[in-house]
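Sequential numbering from 1 along the given sequence is applied to the chain's residues.
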Amino acid sequence: MRNCLLVLGLILVAGMAFAAPIDGKWVGEIPGQDGAPMKLNYAFKADGATLTGSTTGPDGKEVALKDGKIDGDNLSFSVTFDMGGQEMKLEFKGVLSGDTLKLSMDMMGQPMEFTLKKAQ
């Protein structure tokens, strides 16, 4: 019985350690329309194979991630922004490698790639 509890405890600790790398705040930037960099801020939280979190919209308001999934180092999610009463849905796919997250975004059929770094 004690061995079963020990094994269960080790599995829970390993599960928390596995989920920990994506959890937290991530930052990056992309080129803006006027050439000045546009800052990106994300907060991610893993719960098994489910990814939740938020980002900041163009208006500065927090926007929730939707349809978030994690499969090993691969992840995907979507974000829907309100652009003056019209919804714009962006699809993201990424690969996590240590403190670097490489994402590709599909915005109305136009792909864009960028990198986020884990904030300290």
Side-chain angles (χ1 to χ4, degrees):
M1 177 67 165
R2 192 166 71 157
N3 286 340
C4 288
L5 290 175
L6 178 62
V7 170
L8 180 59
L10 289 172
I11 290 171
L12 289 174
V13 169
M16 288 186 289
F18 178 73
I22 192 68
D23 289 0
K25 297 186 184 290
W26 293 76
V27 296
E29 56 186 42
I30 57 173
Q33 289 180 347
D34 60 359
M38 187 166 92
K39 303 279 185 198
L40 303 173
N41 295 292
Y42 290 83
F44 296 114
K45 175 75 175 147
D47 183 9
T50 302
L51 179 68
T52 60
S54 63
T55 188
T56 306
D59 58 2
K61 293 181 182 176
E62 189 173 288
V63 179
L65 276 57
K66 297 180 181 177
D67 309 315
K69 295 179 179 85
I70 301 173
D71 183 12
D73 292 335
N74 299 303
L75 57 94
S76 63
F77 61 92
S78 66
V79 176
T80 303
F81 293 106
D82 180 355
M83 303 297 282
Q86 186 173 359
E87 285 190 349
M88 178 187 298
K89 184 176 182 178
L90 305 177
E91 303 280 341
F92 295 83
K93 291 183 181 181
V95 178
L96 178 64
S97 178
D99 67 348
T100 301
L101 177 58
K102 293 189 179 204
L103 286 172
S104 64
M105 170 180 71
D106 184 348
M107 183 169 72
M108 300 186 317
Q110 297 294 328
M112 174 184 280
E113 295 185 359
F114 58 95
T115 301
L116 299 177
K117 291 285 191 179
K118 192 156 193 178
Q120 302 299 327

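- Between Phe92 and Leu65, every side-chain heavy-atom pair lies at or beyond the 4.5 Å cut-off.
- From Met112, atom CE reaches atom CG of Asp106 across 11.0 Å, with rounding to the nearest 0.5 Å.
- Residue Ile22 comes nearest to Phe44 through the heavy atom pair O-CB, 3.4 Å, listed as atom of the first residue, atom of the second, then distance.
- Although no hydrogens or angles enter the test, the distance criterion places no donor-acceptor pair under 3.5 Å between the side chain of Thr56 and the main chain of Lys61.
- Looking only at distances, a side-chain donor or acceptor of Lys118 sits under 3.5 Å from a matching main-chain atom of Pro21.
- For Ser78 and Asp67, the side-chain atoms include at least one donor-acceptor pair closer than 3.5 Å.
- One side chain, Lys117 or Thr100, offers a donor N or O that lies under 3.5 Å from an acceptor on the other.
- Taking hydrophobic clusters as Ile, Leu, Val, Met, Phe, Trp and Tyr residues chained together by side-chain heavy-atom distances below 4.5 Å, Val95 does not share a cluster with Met105.
- Taking 4.0 Å as the cut-off between side-chain N and carboxylate O, Glu91 and Lys89 count as a salt-bridged pair.
- Summarising the geometry, atom NZ belonging to Lys93 is positioned 10.0 Å from atom NZ belonging to Lys69; distances are rounded to the nearest 0.5 Å.
- Residues Leu96 and Trp26 are in side-chain contact: their nearest non-hydrogen atoms beyond the backbone lie under 4.5 Å apart.
- The structure places CG of Asn41 at 10.5 Å from CD of Glu62, a figure rounded to the nearest 0.5 Å.
- Ring geometry for Tyr42 against Phe114 counts as parallel: the plane angle stays under 30°, on a 0 to 90° scale with 60° as the upper cut.
- Counting heavy atoms from C-beta outward, Leu103 and Leu116 have side chains that approach closer than 4.5 Å.
- Between the OG1 atom in Thr115 and the CG atom in Leu101 there is a gap of 8.0 Å [rounded to 0.5 Å].
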